[in-house]
**Q** 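Just passing along the structure, written as structure tokens.
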Amino acid sequence: MQLNGYGGPEVLELREVRLGAVPEGEVRIATIAAPVNRADVEIRRGHWPVQRADPFPYTPGLEVLGEVVQTGPGVHWPPVGQRVITMMQRLGGVHGERPGCYATHVTVRAESVAAVPAELDPYAVAAVGLAGVTAYEGLRRLEIRPGHTVVVHGASGGVGSVAVRMAEAMGAEVIGTSSRSPAERSLLDELGPRSVDGVLETLGERTFADSVAVLRRGGRLCLVGALTGPELGLSAWDLIQELVLTGYSTENLTGDDLREDIAMICGWLRDGTLTPPPYQVVPLAEAARAHRLLEAGGHSGRVLLVP
Ligand SMILES: NC(=O)c1ccc[n+]([C@@H]2O[C@H](COP(=O)([O-])OP(=O)(O)OC[C@H]3O[C@@H](n4cnc5c(N)ncnc54)[C@H](OP(=O)(O)O)[C@@H]3O)[C@@H](O)[C@H]2O)c1
């Protein structure tokens, strides 16, 4: 699926592209599932323009789970037949240095993939995917301990729905918000000041000031998204409470980080510590419909494109 310009979901076009030889050090993955991310929608709309002099044609998609079908010269691992997952690392995204994952085949550097055990349901692993890595890395930065109270914003979305499950598995009491949360009372009204230990912030502008105000002294906030805008308000009287405000982006993910996080996530899925979020499967050729689902809001969990 390619974009030849920014616009509505209809600008996603199905194209046949001839596959070349696999370059040295790279592997070709046959797609089993390519999850849709909010960033794909923002890029398609032109809100987050592709940072290339000549952005089109552009293949969206930040992540793919599939099977290695070909390896280039010099690749020792993964072998053909290995089930793998890969994400970001300049695949699609605003850098778009490589064609993204809305495709039947995706070619990446061998060191940028992580193994996925064959006995796990590939759709379940893909549904956790990039959202799960983001949630896990964000929650790690909150230093959650059993009994902590944690706010997860956007709890019905891709990142939020996985984060709720993970934070509960870490022993936290979780308070989730979504656009369906009552608008008449703010988070601060609802919870009161200095009432929670951590906040996973996905919304940014609309919620940030309250997110900071509800943190207990020494509490931690990790911002992984700013869905409602980038301008953040902050009171000095909050910061003086020795709060830790940080952030995380999978833009900085390395192959080693990915393998560590995916091994952890797959272990949790295998032993039932983590259940996958709800997901919908949509044919790759109907990527426009998948984007409409995300844009309409109100869906739960993740949308997976399958060839
Ligand atoms: N740091 C990273 O590496 C990384 C990786 C992945 C995603 N992200 C970012 O994380 C954010 C969430 O991504 P996602 O994939 O989880 O998105 P998503 O699946 O579309 O979910 C968005 C969530 O936010 C809620 N929401 C949307 N607009 C809202 C508003 N105005 N007020 C309150 N809640 C609102 C939605 O609630 P409803 O369902 O009720 O509408 C939903 O729960 C995005 O900003 C994305 O770019 C960052």
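Below, all heavy atoms of this structure are taken into account, side chains as well, without hydrogens, waters or symmetry copies. Start at 1 and go down the list; that is how both ligands and their atoms are numbered.
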**Q** Considering heavy atoms of the protein only, find what lies nearest to atom 37 (O) of ligand 1 and give residue, atom and distance to 0.1 Å.
**A**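 Ranked first by proximity to atom 37 (O) of ligand 1 is Ser179 N, 3.2 Å.
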**Q** Would you tell me whether Thr207 and Asp210 have side-chain atoms, one donor and one acceptor, within less than 3.5 Å of each other?
**A**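 Judged by distance alone, the side chains do not pair up.
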**Q** Can we say Glu295 and Arg292 salt-bridge, meaning some charged N sits less than 4.0 Å from an Asp/Glu carboxylate O?
**A**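 Arg292 and Glu295: not salt-bridged.
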**Q** Considering the heavy atoms of Ala226, write down every atom of ligand 1 situated less than 4.0 Å from one of them.
**A**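 That gives atoms 45 (O) of ligand 1.
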**Q** Report yes if the distance between the aromatic ring centroids of Tyr102 and Tyr58 is under 6.0 Å, otherwise no.
**A**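 Between Tyr58 and Tyr102, which both carry aromatic rings, the centre distance is not below 6.0 Å.
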**Q** Between Gly154 and ligand 1, is there a nitrogen or oxygen pair with a distance under 3.5 Å?
**A**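 Between Gly154 and ligand 1 (N or O atoms, distance only) the closest approach is under 3.5 Å.
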**Q** Looking only at protein heavy atoms, which one is nearest to atom 36 (C) of ligand 1, and how far off is it?
**A**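 Here the nearest protein heavy atom works out to Ser156 OG, 4.0 Å.
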**Q** Does the side chain of Met87 come within less than 4.5 Å of Cys101's, by heavy atoms?
**A**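 In short, these two side chains do not touch, never coming nearer than 4.5 Å.
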**Q** For atom 26 (N) of ligand 1, which candidate among Leu203, Leu223, Asn37 provides the closest heavy atom?
**A**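 Minimum heavy-atom distance to atom 26 (N) of ligand 1 goes to Leu203.
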**Q** Over all heavy atoms of both residues, which pair between Pro49 and Tyr6 is shortest? Give the atoms and the distance, please.
**A**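 Taking every non-hydrogen atom into account, CA-OH, 3.5 Å.
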**Q** Give the residue, atom name and distance (to 0.1 Å) of the protein heavy atom nearest atom 16 (O) of ligand 1.
**A**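 Looking at atom 16 (O) of ligand 1, the protein heavy atom closest to it is Val159 N, 2.8 Å.
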**Q** Are the charged groups of Glu168 and Arg165 less than 4.0 angstrom apart, N to O?
**A**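 Salt bridge absent between Glu168 and Arg165.
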**Q** Identify the closest protein heavy atom to atom 20 (O) of ligand 1: which residue and atom is it, and at what distance?
**A**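 Ranking protein heavy atoms by distance from atom 20 (O) of ligand 1, first comes Arg38 NH2, 2.9 Å.
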**Q** Number the atoms of ligand 1 from 1 as they appear, then name those within less than 4.0 Å of a heavy atom of Trp48, with their elements.
**A**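 Those of ligand 1 that fall under 4.0 Å from Trp48 are 47 (O).
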**Q** For His148 and Glu143: C-alpha separation, side-chain torsions, deciding distance, then whether side-chain contact (heavy atoms from CB on, under 4.5 Å) applies.
**A** CA-CA 9 Å; His148 273 184; Glu143 298 186 355; over 6 Å; no
**Q** Give the numbers and elements of all ligand 1 atoms closer than 4.0 Å to a heavy atom of Ala155.
**A**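 Atoms satisfying the 4.0 Å criterion: 43 (O).
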**Q** So which bit of Ser300 gets within less than 4.0 Å of ligand 1, heavy atoms only: side chain, backbone, both or neither?
**A**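 Within the 4.0 Å criterion, Ser300 makes no contact with ligand 1.
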**Q** Any idea which protein heavy atom is nearest atom 11 (C) of ligand 1, and the distance to it?
**A**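 Nearest neighbour among protein heavy atoms for atom 11 (C) of ligand 1, to 0.1 Å: Thr202 O, 3.9 Å.
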**Q** Would you say Gln89 and Ser112 are linked by a side-chain donor-acceptor pair, where the criterion is simply a distance under 3.5 Å?
**A**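 There is no such pair (donor and acceptor under 3.5 Å, judged by atom type) between the side chains of Ser112 and Gln89.
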**Q** At what distance is the nearest protein heavy atom to atom 5 (C) of ligand 1, and which residue and atom is it?
**A**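 Checked against all protein heavy atoms, atom 5 (C) of ligand 1 sits closest to Thr134 OG1, 3.1 Å.
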**Q** Please report which non-hydrogen protein atom sits nearest to atom 28 (N) of ligand 1, along with the residue it belongs to and the distance in Å to one decimal place.
**A**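 Protein heavy atom at minimum distance: Leu227 CD2, 4.2 Å.
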**Q** Has Ala39 got any heavy atom lying under 4.0 angstrom from an atom of ligand 1?
**A**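 The answer is no, since Ala39 has no heavy atom less than 4.0 Å from ligand 1.
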**Q** Out of all atoms in ligand 1, which are within 4.0 Å of some heavy atom of Val224? Include the element for each.
**A**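 With Val224 as reference, the close atoms of ligand 1 come out as 1 (N), 2 (C), 4 (C), 8 (N), 9 (C), 10 (O), 48 (C).
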**Q** Same cluster or not: are Leu142 and Leu223 linked, directly or through other Ile, Leu, Val, Met, Phe, Trp or Tyr residues, by side-chain heavy atoms under 4.5 angstrom apart?
**A**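 Different clusters: Leu142 never reaches Leu223 through Ile, Leu, Val, Met, Phe, Trp or Tyr contacts under 4.5 Å.
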**Q** Considering only heavy atoms, does Thr228 approach ligand 1 within less than 4.0 Å through its side chain, its backbone, both, or neither?
**A**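 It is the side chain that touches ligand 1; the backbone stays farther off.
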**Q** Give a yes-or-no answer on whether the side chains of Asp256 and Thr254 include a donor-acceptor pair shorter than 3.5 Å.
**A**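 No pair is found: no donor N or O on one side chain lies under 3.5 Å from an acceptor on the other.
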**Q** Check each heavy atom of Thr177 against ligand 1 and say whether those closer than 4.0 Å belong to the side chain, the backbone, both or neither.
**A**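 It is neither part, as no heavy atom is under 4.0 Å.
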**Q** Has Arg217 got more than 12 heavy atoms of other residues, nucleotides or ligands less than 6.0 Å from its CZ?
**A**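 No - once you tally the heavy atoms of other residues, nucleotides and ligands closer than 6.0 Å, there are 12 at most.
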**Q** Quick one: look at Arg206 and ligand 1, take heavy-atom pairs under 4.0 Å, and tell me if it's side chain, backbone, both or neither.
**A**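 Side chain only.
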**Q** Would you name the heavy atoms of Gly192 and Val214 that are closest together and state the gap between them?
**A**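 Nearest pair, atom of Gly192 first, then Val214: O-CG1, 3.7 Å.
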**Q** With respect to Gly157, determine whether any N or O atom, backbone or side chain, lies less than 3.5 Å from an N or O atom of ligand 1.
**A**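 There is such a contact, yes.
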**Q** Counting both backbone and side chain atoms, is some N or O of Gly158 under 3.5 Å from an N or O of ligand 1?
**A**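 So ligand 1 has an N or O lying under 3.5 Å from an N or O of Gly158.
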